[in-house]
Engineer: 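One structure follows; several queries about it will come next.
One-based numbering, in listed order, for ligands and for the atoms of each. These numbers come from a predicted model, not from an experiment.
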Amino acid sequence: MPHSTSNLHIFDHPLIHHKLSFIRDRTTNTRDFRRLLSEIAALMTYEVSREFATISCEVETPLERTTVRRLAAPITLVPVLRAGLGMTRGVLDLLPEARVGHIGIRRDESTALPVGYYTKLPKDIAAGPVILVDPMLATGGSCAHAITLLLEAGCSDIRVVCLVAAPEGVAFLARTHPTVRIYAAALDRELDDHKYIRPGLGDAGDRCYGTG
Ligand code: PRP
Ligand code: URA
């Protein structure tokens with residue numbers, strides 16, 4: 001992770017960048033886009049989970065009793081619908097025991113402001129870390145909205161995992177939710193007049209579900 005500020009970590013893994021190069025490519029079809037998004041999510045999860053707390057416990061091996069380490073608290077994955085759903089399988093491949101909450105948010109096309117339309121979270125979500133996934137952090141409005149919902153649910157350990165972040169979105173989250181850490185595969189140049197990330201990868205939801 002060469003690029004680190006107080007709230008942002010950019011991954012420097014060759015496999016993540018290799019896969020991201022195909023995801024950015026406009027000729028990549030829906031099937032490959034979905035596969036790559038899931039594969040990158042798994043690679044990012046490996047790094048994001050590095051700091052999760054563990055506890056010691058005892059098990060009986062076939063030969064003797066021994067001390068082992070297990071994750072200390074239940075993990076909850078929260079994809080932001082729709083595009084965040086495309087990252088779910090990759091995260092669950094590494095954390096199959098994670099619970100999955102859902103937050104539905106769409107950007108209003110004329111204002112680029114977030115509109116929440118669905119929330120379903122585990123009742124005890126605050127008992128452990130939350131991995132909030134959404135491939136695109138553009139203005140940061142959708143992500144900030146999701147974080148506010150998680151804070152209202154009592155969460156204190158929230159990690160945002162996205163594919164591509166814009167400087168504007170990172171700055172917005174630093175202002176609105178300074179304690180939340182963002183993990184991204186790339187920090188892109190800027191937002192354009194339509195609040196799309198440049199160079200970006202286009203509309204992640206449309207590319208993931210073939211609705212463009
Ligand atoms: C996209 C993306 C983020 C949001 C980012 O979702 O998946 O949720 O935009 O933009 P922001 O940082 O400016 O808020 P979109 O609203 O297109 O919904 P969709 O996933 O259902 O297509
Ligand atoms: N949402 C997307 O899917 N892409 C962007 O570039 C910005 C918001």
Engineer: Counting only N and O atoms by type, is there a donor-acceptor contact under 3.5 Å from the side chain of H17 to the main-chain atoms of F11?
Structural biologist: yes
Engineer: Among L187, V164, I197, L173, which residue satisfies the side-chain contact (heavy atoms from CB on, under 4.5 Å) criterion with L137?
Structural biologist: L173
Engineer: Could you list each nitrogen or oxygen of ligand 1 that sits under 3.5 Å from a protein nitrogen or oxygen, with the atom names and the distance?
Structural biologist:
residue: ligand 1; atom: 7 (O); partner: D134; partner atom: OD1; Å: 2.8
residue: ligand 1; atom: 8 (O); partner: D134; partner atom: OD2; Å: 2.4
residue: ligand 1; atom: 12 (O); partner: A138; partner atom: N; Å: 2.9
residue: ligand 1; atom: 12 (O); partner: T139; partner atom: N; Å: 3.1
residue: ligand 1; atom: 12 (O); partner: G140; partner atom: N; Å: 2.8
residue: ligand 1; atom: 13 (O); partner: R107; partner atom: NH1; Å: 2.8
residue: ligand 1; atom: 13 (O); partner: T139; partner atom: N; Å: 2.9
residue: ligand 1; atom: 13 (O); partner: T139; partner atom: OG1; Å: 2.6
residue: ligand 1; atom: 14 (O); partner: S142; partner atom: N; Å: 2.9
residue: ligand 1; atom: 14 (O); partner: S142; partner atom: OG; Å: 2.6
residue: ligand 1; atom: 16 (O); partner: R107; partner atom: N; Å: 2.7
residue: ligand 1; atom: 20 (O); partner: R82; partner atom: N; Å: 3.1
residue: ligand 1; atom: 20 (O); partner: A83; partner atom: N; Å: 3.2
residue: ligand 1; atom: 21 (O); partner: R82; partner atom: N; Å: 3.3
residue: ligand 1; atom: 21 (O); partner: R82; partner atom: NE; Å: 3.0
residue: ligand 1; atom: 22 (O); partner: R82; partner atom: NE; Å: 3.4
residue: ligand 1; atom: 22 (O); partner: R82; partner atom: NH2; Å: 2.9

Engineer: Step through the shown structure and confirm whether more than 12 heavy atoms of other residues, nucleotides or ligands are within 6.0 Å of CZ on R26.
Structural biologist: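 Count not over threshold, so no.
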Engineer: Has E109 got more than 12 heavy atoms of other residues, nucleotides or ligands less than 6.0 Å from its CD?
Structural biologist: no
Engineer: Looking only at protein heavy atoms, which one is nearest to atom 3 (O) of ligand 2, and what is the separation?
Structural biologist: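 The answer is A204 N, 2.8 Å.
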Engineer: Return the option from G202, A166, G205 holding the heavy atom at the smallest distance from atom 4 (N) of ligand 2.
Structural biologist: G202
Engineer: Could you list the atoms of ligand 2 found under 4.0 angstrom from a heavy atom of A138?
Structural biologist: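 Listed by number with element, the hits are 7 (C), 8 (C).
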Engineer: Less than 4.0 Å is my threshold; does some heavy atom of K195 fall inside it relative to ligand 2?
Structural biologist: yes
Engineer: Measure the distance from atom 6 (O) of ligand 2 to every protein heavy atom, then report the residue, atom name and distance (to 0.1 Å) of the closest one.
Structural biologist: I197 N, 2.8 Å
Engineer: Please say which of D93, V91, L92 ends up in a side-chain contact (heavy atoms from CB on, under 4.5 Å) with R89.
Structural biologist: D93
Engineer: Would you confirm whether R207, through its side chain, and L201, through its main-chain N or O, come within 3.5 Å as a donor-acceptor pair?
Structural biologist: yes
Engineer: Mark yes or no for whether D188, through its side chain, and G200, through its backbone, hold a donor-acceptor pair below 3.5 Å.
Structural biologist: yes
Engineer: Determine whether T45 and M87 make a side-chain contact, defined as any pair of heavy atoms from C-beta on separated by less than 4.5 Å.
Structural biologist: no
Engineer: May I have the step-by-step check of side chain to side chain contact (heavy atoms under 4.5 Å, CB included) for Y209 and D203, ending in yes or no?
Structural biologist: CA-CA 10 Å; Y209 298 109; D203 187 306; over 6 Å; no
Engineer: Which residue supplies the protein heavy atom nearest to atom 5 (C) of ligand 2, what is that atom called, and how far is it?
Structural biologist: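 Atom 5 (C) of ligand 2 sits closest to the protein heavy atom Y196 CD2, 3.4 Å.
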Engineer: With heavy atoms only and a cut-off of under 4.0 Å, state how R107 meets ligand 2: side chain, backbone, both or neither.
Structural biologist: side chain
